[in-house]
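Hydrogens, waters and symmetry mates are skipped; everything else that's a heavy atom, side chains included, is used.
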Amino acid sequence: MLVWSLLWGDFSWGNLAGGMLVAGAVLLFFPLPPVSFGGRLRPGPLLVFAVRFVSELVSASAHVARVAVQPGCRPRGAIIALRLRVRTDLNLALTAEAISLVPGTLIVEVDRYAGVLYVHVFDTHGPQDLIGSRQRILAVERRLVRAVGSAAEVRQVSADPVERGPDP
């Protein structure tokens, strides 16, 4: 309703009622798929995730800035396919958002049914960089699942090591 009122540029009762009608119609005719949450919020692992996320954010920002101002540097990017260990919609969405917020990585596509993220990674020089990127993304997934996943999901990411080879 707020967006509707901002688009009209006037906050009136008529625009408020019109916004409510449009919002109701959108929800009725274009429903989103249900997202179930079977986990629980764990403050300790959530704090670990937040601290590591901020440190990765700062580190990646510094790396992208250094590459941007380095004379003659021609960074090479790559797209990697990565099958997540926990294939719930919530885990896909949270992991994709966390990855996309860090400079130098971007989600290109998500295969919801197979649980695969296609990620563009920045400034790769060889196979070791791709393996490192894969391990970092799986570590983000592991920290997220430990912070908000169910006990079965936590066991699943703990039992499956991060250092595994290519998936799809």
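A continuous path of Ile, Leu, Val, Met, Phe, Trp and Tyr side chains, each step under 4.5 Å between heavy atoms, connects V116 with V108, placing both in one hydrophobic cluster. Note on L101 and V110: same hydrophobic cluster, where clusters join Ile, Leu, Val, Met, Phe, Trp and Tyr whose side-chain heavy atoms are under 4.5 Å apart, directly or indirectly. No continuous path of hydrophobic side-chain contacts links L106 to V119 [ILVMFWY only; heavy atoms under 4.5 Å]. The cluster map of Ile, Leu, Val, Met, Phe, Trp and Tyr, joined by side-chain heavy atoms under 4.5 Å apart, puts F122 and I79 in different clusters. In the hydrophobic cluster analysis, where Ile, Leu, Val, Met, Phe, Trp and Tyr join through side-chain heavy atoms closer than 4.5 angstrom, L28 is grouped together with F30.
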TODO: Assess whether side chain to side chain contact (heavy atoms under 4.5 Å, CB included) is satisfied between I131 and Q128, documenting all intermediate values.
DONE: CA-CA 5 Å; I131 291 169; Q128 276 311 106; 3.8 Å; yes

- [ ] Could you please spell out the steps behind the side chain to side chain contact (heavy atoms under 4.5 Å, CB included) verdict for V121 and D129?
- [x] CA-CA 9 Å; V121 291; D129 290 338; over 6 Å; no

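Of the possible donor and acceptor atoms, none in the side chain of S158 sits under 3.5 Å from a partner among the backbone N and O of R155. Judged by distance alone, with hydrogens and angles left aside, the side-chain atoms of R134 form a donor-acceptor pair with the main-chain N or O of A81 at under 3.5 Å. Between the side chain of R83 and the main chain of A114, a donor-acceptor pair closer than 3.5 Å is present. The closest donor-acceptor contact from the side chain of R85 to the backbone of L138 lies under 3.5 Å. With T95 contributing its side chain and N91 its backbone, the two residues share a donor-acceptor pair below 3.5 Å. Formation of a donor-acceptor pair under 3.5 Å by the T105 side chain with backbone atoms of I99 is found in this model.
Applying the salt bridge (charged side-chain N to carboxylate O under 4.0 Å, His left out) test to R143 and every residue at least two apart in sequence or in another chain returns E56. With sequence neighbours excluded, no residue forms a salt bridge (charged side-chain N to carboxylate O under 4.0 Å, His left out) with R40.
Atom CG of L16 sits about 10.0 Å away from atom CG of L21, to the nearest 0.5 Å. Rounding to the nearest 0.5 Å gives a distance of 12.5 Å between CZ of R52 and CG of L47. Put simply, CD1 on I137 and CD1 on I80 are 4.0 Å apart, with the number rounded to the nearest 0.5 Å. Within the model, atoms CD of E141 and CD of Q156 stand 8.0 Å from one another, a figure rounded to the nearest 0.5 Å. For the atom pair F29 CZ and L27 CG, the distance stands at 11.0 Å (nearest 0.5 Å). The structure places CD1 of I107 at 4.5 Å from CG of L117, a figure rounded to the nearest 0.5 Å.
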Mind listing the side-chain donor-acceptor pairs of residues 62-76 below 3.5 Å, one per line with the distance, residues two or more places apart or on another chain?
{"unit_1": "H63", "atom_1": "ND1", "unit_2": "R66", "atom_2": "NH2", "d": "3.2"}
{"unit_1": "H63", "atom_1": "NE2", "unit_2": "D123", "atom_2": "OD2", "d": "2.9"}
{"unit_1": "R66", "atom_1": "NH1", "unit_2": "Q70", "atom_2": "OE1", "d": "3.2"}

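Residues S133 and R136 have side chains that bring a donor and an acceptor to within less than 3.5 angstrom of each other.
Annotation for E153 and G149: closest pair OE1-CA, 3.3 Å, computed over non-hydrogen atoms. In terms of heavy-atom proximity, P103 sits nearest to S61 at CG-OG, 3.4 Å. Shown here for R146 and V154, the closest heavy-atom pair between the two residues is CA-CG2, 4.0 Å.
Side-chain contact between V140 and F53: absent, with no pair of heavy atoms (C-beta onward) separated by less than 4.5 Å.
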